[in-house]
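Comments concern the structure below.
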Amino acid sequence: MSTLLVAVDGWDPTSWARRLEEQLPDHTILKTNDRGIFEGDRATLGEIAYVLAWKPKPELLAELSGLRVIFSLGAGVDHILAVETPPDVPIVL
């Protein structure tokens, strides 16, 4: 089992999170609010292996010590590469 985070800025991630919960019932699905701010237990951030992202907050990405892959929810990855120090993990389009 893995923990996934839907991290978006500018729209509500609830529909993405709900669909992931349906398709991956054995995984933990977390989400930011519509402003890209994680409001959950910050202790769980180290458990997040996968991020589905649109304009993720740089400070949030920096806290994801267990991150393995970032999946872009948009047509490109400029919003991820614009982060001053993007994590050293694969970025999937």
Side-chain angles (χ1 to χ4, degrees):
M1 287 191 284
S2 296
T3 302
L4 293 83
L5 172 66
V6 182
V8 301
D9 188 7
W11 44 273
D12 186 356
T14 302
S15 61
W16 277 94
R18 188 175 305 125
R19 183 72 173 157
L20 288 166
E21 289 168 346
E22 292 170 2
Q23 297 299 313
L24 303 168
D26 295 333
H27 294 71
T28 301
I29 311 299
L30 305 174
K31 63 184 175 73
T32 63
N33 64 22
D34 61 351
R35 295 177 320 279
I37 299 168
F38 182 72
E39 297 176 331
D41 180 0
R42 297 203 84 72
T44 62
L45 293 177
E47 301 169 9
I48 294 169
Y50 306 99
V51 173
L52 287 78
W54 178 252
K55 298 184 180 179
K57 300 289 186 197
E59 59 274 12
L60 178 59
L61 291 180
E63 291 187 64
L64 306 180
S65 60
L67 187 61
R68 294 186 201 159
V69 178
I70 299 173
F71 296 93
S72 175
L73 292 177
V77 296
D78 292 349
H79 60 102
I80 297 167
L81 297 177
V83 173
E84 186 174 315
T85 308
D88 187 21
V89 297
I91 300 171
V92 179
L93 196 45

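Note that the coordinates shown come from a computational prediction; the quantities given were computed from them, not determined experimentally.
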Measuring from atom CD of E47 to atom OG of S65, what distance do you get when rounded to the nearest 0.5 angstrom?
9.0 Å
Report whether I48 and V69 are members of the same hydrophobic cluster (ILVMFWY, side-chain heavy atoms less than 4.5 Å apart, transitive linking).
no
Looking only at heavy atoms, what is the nearest atom pair of W16 and V6, with distance?
CB-CG1, 3.9 Å
Distance-only check: which donor-acceptor pairs under 3.5 Å involve side-chain atoms of residues 86-93, not counting sequence neighbours?
none

For residues 18-27, which side-chain donor-acceptor pairs fall under 3.5 Å, sequence neighbours excluded?
residue, atom, partner, partner atom, Å
R19, NH1, E22, OE1, 3.4

Which heavy-atom pair separates G76 from S72 by the least distance, and what is that distance?
O-OG, 2.6 Å
Flag yes if more than 12 heavy atoms outside K57 fall under 6.0 Å of its NZ atom; otherwise flag no.
yes
Does any non-hydrogen side-chain atom of T14 lie less than 4.5 Å from one of K31?
yes
For the atom pair CD1 (I37) and CG (D9), what is the distance rounded to the nearest 0.5 Å?
8.0 Å
When rounded to the nearest 0.5 Å, the distance separating CG of L64 from CZ of F38 is 9.0 Å
I'd like to know if the side chain of T32 and the backbone of V8 have a donor-acceptor N/O pair within less than 3.5 Å.
yes
On a heavy-atom basis, the closest approach of V51 and A7 is CG1-CB, 4.0 Å
Beyond-backbone contact of F71 with L4, side-chain heavy atoms, under 4.5 angstrom
no
In Å and rounded to the nearest 0.5 Å, what is the CG to CG distance from L67 to L45?
11.0 Å
Side chains of L5 and L60: closer than 4.5 Å at any heavy-atom pair?
yes
All ring-ring contact (aromatic ring centres under 6.0 Å, His included) counterparts of H79, not counting sequence neighbours
W54
Answer with yes or no whether the hydrophobic clustering places M1 together with I29; edges join I, L, V, M, F, W, Y residues whose side-chain heavy atoms lie under 4.5 Å apart.
no
